[in-house]
Every structure is written in structure tokens, then in C-alpha cells.
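As C-alpha cells, the structure follows; a few thoughts come after it.
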Amino acid sequence: MKAADVLEARGVLVSSSRRRRDQDSANVGKGRCMGIKQPSCMPAWYSKASGAMARGRGRGRWLLPTRLLNVCLAALCRGGSLALAESMLVDAIRLGLPPDAVTYNTLLAAHCRAAGLEAGIAVMGRMREAGVEPDTVTYNSLIAGASRRGLPIHALDLFDEMLRAGIAPDSWSYNALMHCLFRSGHPEDAYRVFADMAEKGIAPCGTTYNTLLDGMLRAGYAMNAYRMFRYLQRAGLPVGIVTYNTMISGLCRSGKVGYARMVLRELGRTDHAPNVVTYTAVMKCCFRYGRFQQGLDTFLSLLDKGCISDVFPYCTVISALVKKGRMEEANTYSDLMLKNGSRLDSVCYNMLIHMRCQEGKLDDAFELVSMMEDGGLESDEYTFAILVNGLCKMGHIEAAEKHLCYMEMRGMQSNVVAYNCLVDALCKLQEVDAAIRLLQCMKLKDDFTYTSLVHGLCRVGRYHMASKFLRICLHEGNNVLASAKRAVIDGLRSSGFKNDLRKVQVALNMAKLLRP
DNA sequence: TTAGGGTTAG
């Protein structure tokens, strides 16, 4: 696969794909239920369906019972009752009912969604053990699983494995692979996959174009995406509500609010009805660009119409209210969200944990973390950053440090935000030497890291050191806020550090010239 | 398989 070669040449691919495949194979067949607890009760239709399957066996008719089994399994998986679905499969096998590719593909997709790619690969192993060969749908679900977890190398390996096994990829396979490459920051490789698709004679579908538009918008090519959107319209290619929503939210995210407004107005003139996704994107755009009341009104009208079916609009509005410090309203809407009975995911929990931290209710925040983990959701880098920040803000520096260590132990990929929170807290406590030691431990530093440190050093009058870190920061291709630059320049000037002042001015001019 | 939600500096 060409895209894999390109990634490998760039050093993006790790050469351990073979080793990982071996690990995957070793995991195959292990842990049938992947740690999911056995349910305590079963729905009434479960026993009826089991009975129907048994009767089907008695008459020697296999087709209907297997289809019935698949329909029941799909319903259980959709409802998040994976353990029940597994029990049903065990019962079916015990009755001598043969599961087919659809049975395993249904379970595989659900496991992939709930527990990740490894869990999906384990189902594929069980599938093979049962003598059912994986097909295109099996691999498509696995590639989508890799995409959800941001694993482009796994996705490419799976695509490659599929080709070697003689299983023909379809447009879904290409779409999932493209989406994974775009979302993990490899737009050029994603375009190559699109070109490969055309070369192989696989016709792009609406999802293909939507994925391309979304990828272009996220990669910073907003105007190219806009031109492509217009081309799709002119050429009579599929342009639906997902396309409009992709364009509206992507253009807002890119700061092209005028263009987003134009597309939104245009949507109103089409036959496609704006939906809750459209309004959530509009709300987010209002909050981002200072139209707070308009965003809130949009939310209230959604609430009035009773068309909020999940947690997305709630999370958007609660987060905006917390940022404004309007905690009472934030609490009102979070109570409403919980009362609504919508399933909370980790993003939602993180938002609620952040809200409790902002209120200084750390015990409640940690209680939410326990609830989240008891419910089978894992803390991620957002959870840790929120907790570290909350602990710092309440003055629990040692506890924040412990959390950072735990994060390191867990091998979390991105911990720069959590580190930044602690650097900032130490600087605000005027413990700048401790902040410098911490910064030296950081594998990755960004604009936030240096802004906090430079400000902290200026605050305690250490302008020479501040100018040194400012130059290191610029040399590394990072930047600091204008206020931090001003603090250094004013400090050097008032302290008479003429040489440092000259060096900083040269470094700032150089950085300006080199910046794209 | 695709669209909307979460954390840090001033």
C-alpha cells in the first residue's frame, strides 16, 4: 500500500507493525467478553427469541433462526448489552445453531466500539476458530475501530492484510481509511487513498466526498474545501445535510464565519432540513465568536422544540456557561441532561468534572471520575489535565504532581496540557525554579508552557532568564503571547540589560520572518 | 464508514 510506504519513509510508521500483528494474533480468542460484566437480568424478548431459535432447530430450518439470532444480537449490541449478546451467541451455539459472518461482524463492530480495536481483533480470531471467514465488512469495522482510536498504522496494516487475503475493499473500506488518515494528521496520504480508489474503479459515494471535505477543512484548507463543495453542487454530485453540516462547522472552526453563514442561509433554501447537528454547530460558532446570547437562544429553542436527543448540545452550552462563570445555569442544564437519561460518554464526564473543579468541589469531581470508570469508561488525557488543573487551582501542588506521575506511568500520549497547568501554577506561586525543573522534564513544550514561564520569570524580576527562555522558545519554533514579549522587553529596558534586549529583538524579528 | 460536544497561558 503506497500510503503506508509514504508514512514509513516519513518516520510516521513504526517498524513494529509485524510485532504488533503477532501481539494481535496472540490476543485472538482470549477473553470472550473482554471484561464486560454478566448482566443480572434479561429482557423478556430474550427468552422468547431463544425459544424461537430452538423451535427453528427442531424443524431443521436454519436460515430463519440464524437471521433471527443476528437481528436479536444487533438489537442487544445497539442497546449496549454486549454481555447479553455474548450469552445469546453461547445459547445459540449450544442449540447447534450455526452463527454466520453477519453474527460475528455484528459482535465485532460492537466490541470495537466499546473496548477498542484489540477487542474487535479478538472477535475476528473467534470467528476464524468457528470456521467463519472474515469478509469486507469485518475489515471495514476493524479499520473504523482503528480510526476511532487514532491508529493510522493499524488501519493501513488492516487494509494491507485485507488485500493479501484476497478480500476486495469497497467504498466503505476506502472511506474509513481516508477518514483515519485525515483525522490523524496525514492529509496527503488520505488524498492518495482517494486517488487509489479512483484508480481501482471504486465509485466514490456521498460519504467519500463528505470525508474529503471534512479532512480538508481540518487540515487547514478551508477555501479548497469550499471550492470543492461548489464543484459538487455544480456537478450534481451528492450534497446532503451531512455535507452542509460539515461545511458549516468546518468553516466556523477555520474562522470563515461569513462563508459559514452563507452556506447556512443556502441550506435554508434547500429541501434539506437543518437538524440538531446543524444547530449545535451554530451554537458553538456563536459561543466562539462572542455571540453568547444568540448561542444560548439557539439552545433554548432546541430545548423548547424537544429535539435534543443526546448530550452534544448540553455539553456545548454547559461548557460555554462554565467558561463565563455562570455556574448556576450550568448546573441547571447539567441536572436536566442527567434527568433526560442520555448516555454519558467520556467527553461529557470530563465536562462535568471540569465544572466541579471550577466550583472548587474536588471531592465531587473525583466522585465523577469513579462513576465514569465504574461505568467502563477510561480516564483520558483530558480527564487528567482537568484534574491536575483543578488540584493546582486549589493549591494541592503535590497531589497534582502525583497525578502527572500517574499519567506518565499510564503512558498517556499527550500530557503537555497537564504539565502546562502545573508550570503555570508554580509560576503563580513564584516557584519559578521548580517550574524550570519541570519544564526540563517535558518531552513536548508549546506556546502555553513558555508564556507561563516567561511571565512568571518577569513577575519575580528575573528578566535575563526570561529573555533566555523567550529566545529558546522562538528557536524551537514556538511563540508566546504578546503580553509576555512586552513584559520581557520592558523588564530588560528598565533593568538596563542592553545586550539581552538586542538579542531578544533580533530573535523576535527572525521568528517573524520565518513564520508562515 | 462521514457532520455537532470536553482541558491549560494572558
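Here is the naming used below: chain letters follow the sequence lines, and residue numbers restart at 1 for every chain.
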Any residue meeting salt bridge (Lys or Arg N to Asp or Glu O under 4.0 Å) with A:K324, in chain and number order, not counting sequence neighbours
none

B:dT8 phosphate, OP1 or OP2, under 4.0 Å from A:K393 side-chain N/O
no

When we call it a touch if two heavy atoms are under 4.0 Å apart, what does A:C348 touch: a base, just sugar-phosphate, or nothing?
base

Within less than 4.0 Å of OP1 or OP2 of B:dG10, is there a side-chain N or O belonging to A:K428?
yes

With distance as the sole criterion, is a donor-acceptor pair present between the side chains of A:Y289 and A:Q294 under 3.5 Å?
no

Base, sugar-phosphate alone, or nothing: which one does A:V276 contact when heavy atoms must sit under 4.0 Å apart?
base

B:dT8, B:dG4, B:dG10: which one has an atom nearest the side-chain heavy atoms of A:L481?
B:dG10

Euclidean distance, atom CG of residue A:L177 to atom P of B:dT2 [Å, nearest integer]
13 Å

Nucleotide nearest A:S483 (side chain, heavy atoms from C-beta), chosen from B:dG10, B:dT7, B:dT2
B:dG10

Could you check whether A:K485 gets within reach of a base, just the sugar-phosphate, or nothing at all, counting any heavy atom under 4.0 Å?
nothing

A:H455 NE2 to B:dT8 P: how many Å, rounded?
17 Å

Nucleotide B:dA3, atom C1' - distance to CZ of A:F182 in whole Å
15 Å

Could you please name the option among B:dT7, B:dT1, B:dG5 that lies closest to any side-chain atom of A:T316?
B:dG5

Round to the nearest Å and state the distance from A:L404 atom CG to B:dT7 atom C1'.
13 Å

Any pair with a residue in residues 104-117 of chain A that passes salt bridge (charged side-chain N to carboxylate O under 4.0 Å, His left out), sequence neighbours left out, goes on the list, sorted by first then second residue, please.
none

Considering only heavy side-chain atoms of A:N389, the closest of B:dT1, B:dG4, B:dT8 is B:dT8

Tell me: CE of A:M351 to P of B:dG5, nearest whole Å?
13 Å

Any salt bridge between A:D433 and A:R462, counting N to O under 4.0 Å?
yes

Scan A:N140 against the nucleic acid and name what it touches under 4.0 Å (heavy atoms): base, sugar-phosphate only, or nothing.
nothing

Within the 4.0 Å heavy-atom criterion, would you say A:R113 contacts the bases, only the backbone, or no part of the nucleic acid?
sugar-phosphate

Ring centres within less than 5.5 Å and planes less than 30° apart: is that true of A:F448 and B:dT8 in this structure?
yes

Parallel, tilted or perpendicular: which describes the rings of A:Y191 and A:Y221, with under 30° parallel and over 60° perpendicular?
tilted

What is the separation between atom CG on A:L368 and atom C1' on B:dT7, rounded to the nearest whole Å?
15 Å

Checking A:T211 against A:H179 for the side-chain hydrogen bond (donor to acceptor under 3.5 Å, both in side chains) test, could you report, in this order, the C-alpha distance in whole Å, the side-chain angles of both residues, the deciding distance, and whether it holds?
CA-CA 6 Å; A:T211 306; A:H179 181 238; over 6 Å; no

Let me know the distance between CG of A:N479 and P of B:dG10, rounded to the nearest Å.
16 Å

Classify the nucleic acid contact of A:D345 as base, sugar-phosphate or nothing, counting any heavy atom under 4.0 Å across all strands shown.
base

Would you indicate whether A:R459, at its atom CZ, is surrounded by more than 12 heavy atoms from other residues, nucleotides or ligands within a distance under 6.0 Å?
yes

Please state whether the base of B:dA3 and the side chain of A:N275 form at least one donor-acceptor pair under 3.5 Å?
yes

Would you check if there is a donor-acceptor pair between the side chains of A:T138 and A:D135 at a distance under 3.5 Å?
yes

Quick one: is A:R218 getting a side-chain N or O under 4.0 Å of the B:dT2 phosphate, OP1 or OP2?
no

DNA chain B contacts made by residues 245-253 of chain A, counting heavy atoms under 4.0 Å
A:N245, A:T246, A:S249, A:R253

Which nucleotide in the set B:dT8, B:dA9, B:dA3 lies at the smallest distance from any side-chain heavy atom of A:H179?
B:dA3

Checking only heavy atoms, does the side chain of A:D310 share a donor-acceptor pair with the base of B:dG4 at less than 3.5 Å?
yes

